[in-house]
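Structure, as structure tokens:
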Amino acid sequence: MLAVTPQRMRMIVEGFIDVLELGLEKEGQMVPMLPTWVFGWPTGEEKGSYLAVDLGGTNLRVCEVELEGNGKFAITQSKYKLTDEQKVGDGQALFDFCAECLASFIQDHYTNEDGSVLLDKDIALGFTFSYPCVQERIDHGLLLRWTKGFGAAGVEGQDVVEMFKKSLQKNNVPVEITALINDTTGTLMASHYVDPRTRMGIIFGTGCNCAYVEKVKNIPKIAHLGLPGDAELAINCEWGAFDSETKEYLPRTKYDIHIDETSNKPGQQLFEKMIAGLYLGEVFRLVLCDMIEEGVLFHGQNTYKLDKPFCFDTALVSLIEADSTDELLTVIGLFSHFYSLETTVEERKFFKRLAVAIGTRAARLSACGIAAVCSKMGYLEEGGCGVATDGSLYNKYPKFPERIHEALVDIFGEKGRLIHTYHAEDGSGVGAAIIAAMAQERKAKGLYPQV
Ligand code: GLC
């Protein structure tokens, strides 16, 4: 059920390429291919001190980034946990919380001994807001829809920069929002800053998405702006939405359908829901529940602790796969500790195979997205490309990168080896600072808002 054959992958890639092109051609498509108004690449010489706020999924992060030029930087940061209520409560309150955290960060890092704030002018801030936003310029963005389980009221359809500004003013925070950034675009630029081979930025975390750089002449939907055709513009694909309307490419199982139908956004982000960290643990749990129902697992035991949706974190699935002991000792501990369940060695071996299958499927589907962008852009013909990648799935799930590479060879044959993925620089922090610096420079040169 969880297998994705090479033939199926090639079929998905074909469909994916069409969908990417459609998003560039027309507004309002399923995969929206959003212009980010980040033009070209960083030079590596961007310098200065910037603040970054990163609202991405699990945590809120505030960073101070010192860009030193030469592809070098230093970063200081604080993390704040977001509660489930904040994710789905009042939207303005969520931005208020961001502003309060930023205010306390500034208090801690920019205060004189007498308590006065040590700033002669507003500091430039890059706001990493990793949800699909339609941007008219780099410091603007209408939230198209929440993803990753968020649902805060009164934000969809609104300019999130304006909402955040309102909260900053309320809290007297001395910053100027210079750029609104998606984590994938940040990853792309931050990685290119240190390694110019980088062509794509991908997040495999709570969500899954990709950004790359496109020539303006290949983006028909912005032709009316009259920008130079050879100018290069970063595109936030929002590929997590792939196949959401078509429903003809992805090999969805009854578990995927259940996850989608019981989510706060049914019918959306169908590709993401088969790949991303938010969902893989739930796929695992649903398979177990099915087998409990059939009477083939945990004989004679009370399994009620597995009944709660999303109680099986994806991190546990990766721990199961990572257990290399013969008896699968970590798996014993994990089931008895979290779910008060005894397991037989056969059950544990099955769990490990299931973890392998779920992780492998996610990696193979991800490879289809990478292959689609590479084919569309002709990167293989240019001798290959670098794919900067971040997120807990890529960094922590056993063999995730190897499985992507294997799948790329299944799709392209030996040529697939020309695509290199590697762990990215911190896109949401350092990337945000670099993009804020690039935006500031364009503004200083009068190249604003867009051209
Ligand atoms: C979701 C968001 C997207 C983000 C990705 C990774 O897909 O819609 O904007 O880049 O998660 O965080």
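When a residue number appears, it is its place in the shown sequence, counting from 1. For ligands, and for the atoms within them, numbers begin at 1 and follow the listed sequence. Worth knowing before you read on, the calculation uses all heavy atoms, side chains too, and leaves out hydrogens, waters and symmetry mates.
Residue K26 places its NZ atom among 12 or fewer non-hydrogen atoms of other residues, nucleotides or ligands, all under 6.0 Å distant.
Neither the backbone nor the side chain of T206 comes within contact range of ligand 1; no heavy atom lies under 4.0 Å. Counting heavy atoms closer than 4.0 Å to ligand 1, residue C208 contributes backbone atoms (N, CA, C, O) but none from C-beta onward.
Those atoms of ligand 1 that come under 4.0 Å of a heavy atom in T184, given as number and element, are 10 (O). Each of the atoms 1 (C), 2 (C), 8 (O) of ligand 1 lies under 4.0 Å from some heavy atom of T147. Atoms of ligand 1 lying under 4.0 Å from at least one heavy atom of I203, given by number and element, are 6 (C), 12 (O).
With 3.5 Å as the limit, one finds no donor-acceptor pair spanning the side chains of Q135 and T36. Remark: the Y394 side chain and the S366 side chain contain no N/O donor-acceptor pair separated by less than 3.5 Å. If you check the side chains of Q268 and T147, you find no donor sitting under 3.5 Å from an acceptor. In summary, the side chains of T198 and Y422 do present a donor paired with an acceptor at a separation below 3.5 Å, with no hydrogens or angles considered.
At distances below 3.5 Å, at least one donor-acceptor pair connects side-chain atoms of E46 with backbone N or O atoms of G44. Side chain of T314 to main chain of L278: no donor-acceptor pair is present (N/O by atom type, distance under 3.5 Å, no hydrogens or angles).
Of the protein's heavy atoms, D183 OD2, 3.3 Å lies nearest to atom 6 (C) of ligand 1. Shortest contact from atom 7 (O) of ligand 1 to any protein heavy atom: E272 OE1, 2.4 Å.
Remark: ligand 1 and N209 share an N or O pair separated by less than 3.5 Å (distance only, no angle test).
No heavy atom of G240 sits closer than 4.0 Å to any atom of ligand 1.
Counting heavy atoms only, E238 comes closest to atom 9 (O) of ligand 1 of the residues E238, Q269, Q268.
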